[in-house]
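Computed from a prediction, not measured in an experiment: that's the story for all the values here.
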Amino acid sequence: MTNVETIVRMLEQAGVRWVFGIPSGPVLPLIEALGRSPVEFVLTANETSAGFMATTVGQLTGVPGACAATVGPGATNLTTGVGCAWLDSAPVLAFTCNVSSPWLRRRIQMRIDHNTLFRPLTKATFALGADNVAERIAEALVLATAEPPGPVHLDLPEDVGLAVSADEAPEPAPAQALEDVTEEARAALAEALSRSRRPLVITGLTFTRCTAADSLQRFIEKHRLPFVSTLHAKGCLPESHPNWAGVIGRARRTDVQRILDRADLIVAVGYDPIEINYEEWVGDTPVFHLDTTPAEPDPRVRFAFNRGGDLDQALRRWADLPPAANDWTPEEWHAHRNLLDRELRPEGSGFAAHHVLDILRAALPADGILAYDVGAHTHQIATQWRTDLPRTLLATNGWSSMGFGMPAAYAAKMVHPDRAVVGVVGDGCFQMTAGELALARRRNLAVPIVVLNDGWLGLMKVKQERREFPLSGVELGWRVNPPPHYFGVPCRGATSPEEIESAIRWGLGLDGPSVIEAFIDVEPYSATVFD
C-alpha cells in the first residue's frame with residue numbers, strides 16, 4: 001500500500017466523504033487513490049472555495065472536512081479558506097501536495113515553504129515523510145476535532161505519497177476529556193444570580209457545538225431571563241421564544257445594546273470572543289464566562305467567573321438551581337422585539353434587502369438552510385432572519401471573508417441533499433465566486449443563489465459615509481438585467497416584492513441550480529447596519 005492509499009483509507013475510516021480542490025501534477029496521485037475509494041474528489045473553481053466547503057462540512061457534521069491544493073499558488077489560494085476554519089472553529093484537514101523531497105530546500109518554480117505559510121492559520125502543520133504518514137494523519141484527525149476544533153495542515157511531497165507505507169495506521173486515540181468545572185461553575189453562578197436584579201444570557205460560537213441546549217433553555221425559562229446570541233449561535237436556542245432579545249453587533253445594534261445596557265450581569269455560555277470582543281459591548285457589567293476555554297483577560301472587562309471546561313456537563317446541573325427573583329418583565333421584552341422589527345424595515349424605502357429576506361423566510365421550510373456571505377446584507381440577515389433550529393444559518397464571523405456564501409451553500413446541499421438550501425450573496429461576493437456555479441451545474445445541486453444587486457460594496461459605502469469620507473472604490477455599477485444563464489445555470493431578475501416571490505418559487509421548484517438577481521435599493525442599509 002502506498003502512502004496516498006494509506007491516507008485515503010484513513011480518511012474513509014474517519015467518515016470523510018469529500019476532498020475539495022483543484023488538480024495539478026503533485027495532486028494527481030492523491031486524486032487517483034481517491035478514485036478507488038468512496039471518498040470523492042470534488043473539483044472547485046478556486047482553492048479558496050475548497051477551503052470554505054471543507055469548513056462548512058466540518059461545521060455541519062463534526063467530521064473533518066478535507067481540501068487539497070498544489071504547491072505554491074494553489075497553497076496560497078487555499079489559505080483563505082483554511083483561515084475560515086481556524087477562526088470559525090471548524091475541523092478541517094488541509095493537504096498541500098508538494099514537489100518531491102530532494103527539491104524541498106531549493107528555490108525552484110512554484111515552491112514556497114508551506115509549513116511556514118500555514119503555521120499561523122492552523123492548530124498544527126505537519127511535513128509528511130515516507131515513514132510517518134499514518135502516524136501524522138491519525139494525529140491530525142484527533143487534533144482537528146479536539147475542542148476547540150480547527151484546521152490541521154499536512155504537506156505531502158509527491159515522492160512521499162507514492163512511496164510504500166512504512167507504518168501501520170494506529171488505533172484512533174480517544175478524545176481528551178475537558179476539565180469538569182460543574183460544581184465550581186454552579187456555585188459561582190448561584191452567587192452571581194443572588195446579587196443580580198437583571199441577569200441576561202448570551203450564547204456564541206462554542207454553543208453551536210453544545211449538546212445541552214435544552215438544559216440552558218430550561219434554566220432561562222425557570223429564572224425568567226432574556227437571552228441574546230451572536231451571529232453563529234442563531235437557532236441554537238429558538239428565536240421564536242418570548243425571551244429572545246436579538247443578536248449583538250449586527251443590524252440595529254443600538255436597539256439590542258439598549259437591553260444589554262439594562263442588564264447587571266452577563267451570563268455568557270459558549271461565548272467565543274472571536275465573534276465580538278467583550279470590551280466592545282459589556283461596559284462595566286460583570287461577566288460570568290463559561291466556555292470550553294477561558295476568555296483572554298482584559299482590564300476593561302469585569303469577570304465574575306472565567307473558566308473553560310466541559311460545557312455540556314456543567315449546563316446539565318443548572319436545571320436544579322433555585323430561581324432567583326429579578327426585575328425583568330415580559331412586557332419590556334415584547335416591546336423591545338416590536339421596536340426591533342419595525343426599525344429593521346425602514347418606511348418609505350424602495351425594493352430593499354428586508355423585503356427579499358421576509359419573502360425568502362416565508363418560502364423556506366423551517367429546517368431549510370440559508371448560507372450567506374459577508375457585506376451589508378450580513379448585518380441585516382443576522383438580525384432579521386429568525387430560526388429555531390441550529391446549523392440552519394451558515395456564515396463566517398470569526399474570519400469574515402467575502403466569497404464564503406456560495407461554496408458554503410453548495411457544501412450544505414451535499415451534506416443535506418434532502419433539505420432545501422438557499423444562498424444569499426451580495427453583488428460583490430457574486431463576482432468573486434460566480435465560477436462555482438459550474439460546480440453546482442456539474443453536480444446538479446438544487447440551490448438557488450439570491451444575488452442582492454445594489455450596485456455597490458454596500459457595507460464599505462456605509463462605512464465611508466459614517467466617517468464622512470468621499471465615496472471611492474465602492475461602486476460596482478453592475479445593474480443590468482441578468483443573462484439567461486451563467487455557466488449553464490438559469491437566471492431570473494426581480495425588481496419588486498412580487499417578482500422576487502415568483503422567482504424564489506421558481507428557484508426552489510427546480511431540480512438543479514439557479515441564480516436570482518434582486519435589484520435592490522442600497523440606501524436602507526444606512527439606517528439599519530450600524531444604528
Side chain to side chain, Pro346 and Glu523, heavy atoms closer than 4.5 Å: no
Flag side-chain contact, heavy atom, 4.5 Å: Asp373 against Phe430: no
Minimum side-chain heavy-atom gap Phe118-Leu78 below 4.5 Å: yes
Residue of the set Asp88, Val415, Leu394 for which side chain to side chain contact (heavy atoms under 4.5 Å, CB included) holds with Thr56: Leu394
Derivation of the side chain to side chain donor-acceptor pair (under 3.5 Å) call for Thr48 and Asn77: CA-CA 5 Å; Thr48 295; Asn77 287 341; 5.1 Å; no
No-hydrogen, no-angle side-chain donor-acceptor test under 3.5 Å, His232 and Thr208: no
Stacked cation flag Arg198 on Trp328, 6.0 angstrom / 45 deg: yes
Distance-only side-chain donor-acceptor flag, Asn338 / His334, under 3.5 Å: yes
Pairs where residues 407-418 contributes a residue and the test side-chain hydrogen bond (donor to acceptor under 3.5 Å, both in side chains) is met, not counting sequence neighbours: none
Polar side chain donor-acceptor pair, Glu436 to Asn46, under 3.5 angstrom: no
Straight-line distance of Asp180 CG to Asp310 CG, nearest 0.5 Å: 6.5 Å
4.5 Å side-chain heavy-atom contact, Cys236 and Thr203: no
Polar contact flag, side-chain donor to acceptor under 3.5 angstrom, Ser196-Asp264: yes
Closest non-hydrogen atom pair between Gly398 and Ile274, with its separation: CA-CG1, 3.9 Å
Interatomic distance, Leu393 atom CG to Ile381 atom CD1 [nearest 0.5 angstrom]: 7.0 Å
Donor on one side chain, acceptor on other, Thr387 and Thr392, under 3.5 Å: yes
Under 3.5 Å, which donor-acceptor pairs link side chains of residues 61-68 to any protein atom two or more places apart or in another chain?
residue: Thr61; atom: OG1; partner: Val57; partner atom: O; Å: 2.7
residue: Thr61; atom: OG1; partner: Val63; partner atom: N; Å: 3.1
residue: Thr61; atom: OG1; partner: Val63; partner atom: O; Å: 3.3

Could you list the donor-acceptor pairs under 3.5 angstrom formed by side chains in residues 281-288, with sequence neighbours left out?
residue: Trp281; atom: NE1; partner: Tyr271; partner atom: OH; Å: 3.0
residue: Thr285; atom: OG1; partner: Val282; partner atom: O; Å: 3.2

side-chain contact (heavy atoms from CB on, under 4.5 Å) involving Arg391 - partner list, sequence neighbours excluded: Leu60
For Tyr372, ring-ring contact (aromatic ring centres under 6.0 Å, His included) partners two or more places apart: none
Polar contact flag, side-chain donor to acceptor under 3.5 angstrom, Thr528-His379: no
Audit row: Asp341, Arg386, salt bridge (charged side-chain N to carboxylate O under 4.0 Å, His left out) steps and yes/no: CA-CA 11 Å; Asp341 284 339; Arg386 305 292 160 78; 2.7 Å; yes
Electrostatic pair Glu139:Arg136 at N-O distance under 4.0 angstrom: yes
Which atom of Arg252 lies closest to which atom of Asp255, heavy atoms considered: NE-OD2, 2.8 Å
Can you give me every donor-acceptor pair (side chain of residues 213-220, partner residue at least two apart or in another chain, under 3.5 Å) with its distance?
residue: Ser215; atom: OG; partner: Arg218; partner atom: NH2; Å: 3.4
residue: Gln217; atom: NE2; partner: Glu221; partner atom: OE2; Å: 3.1

Atom of Ser400, atom of Val374 and distance for their closest heavy-atom approach: C-CG2, 3.7 Å
From Asn326 atom CG to Leu193 atom CG, the distance as rounded to the nearest 0.5 Å: 9.0 Å
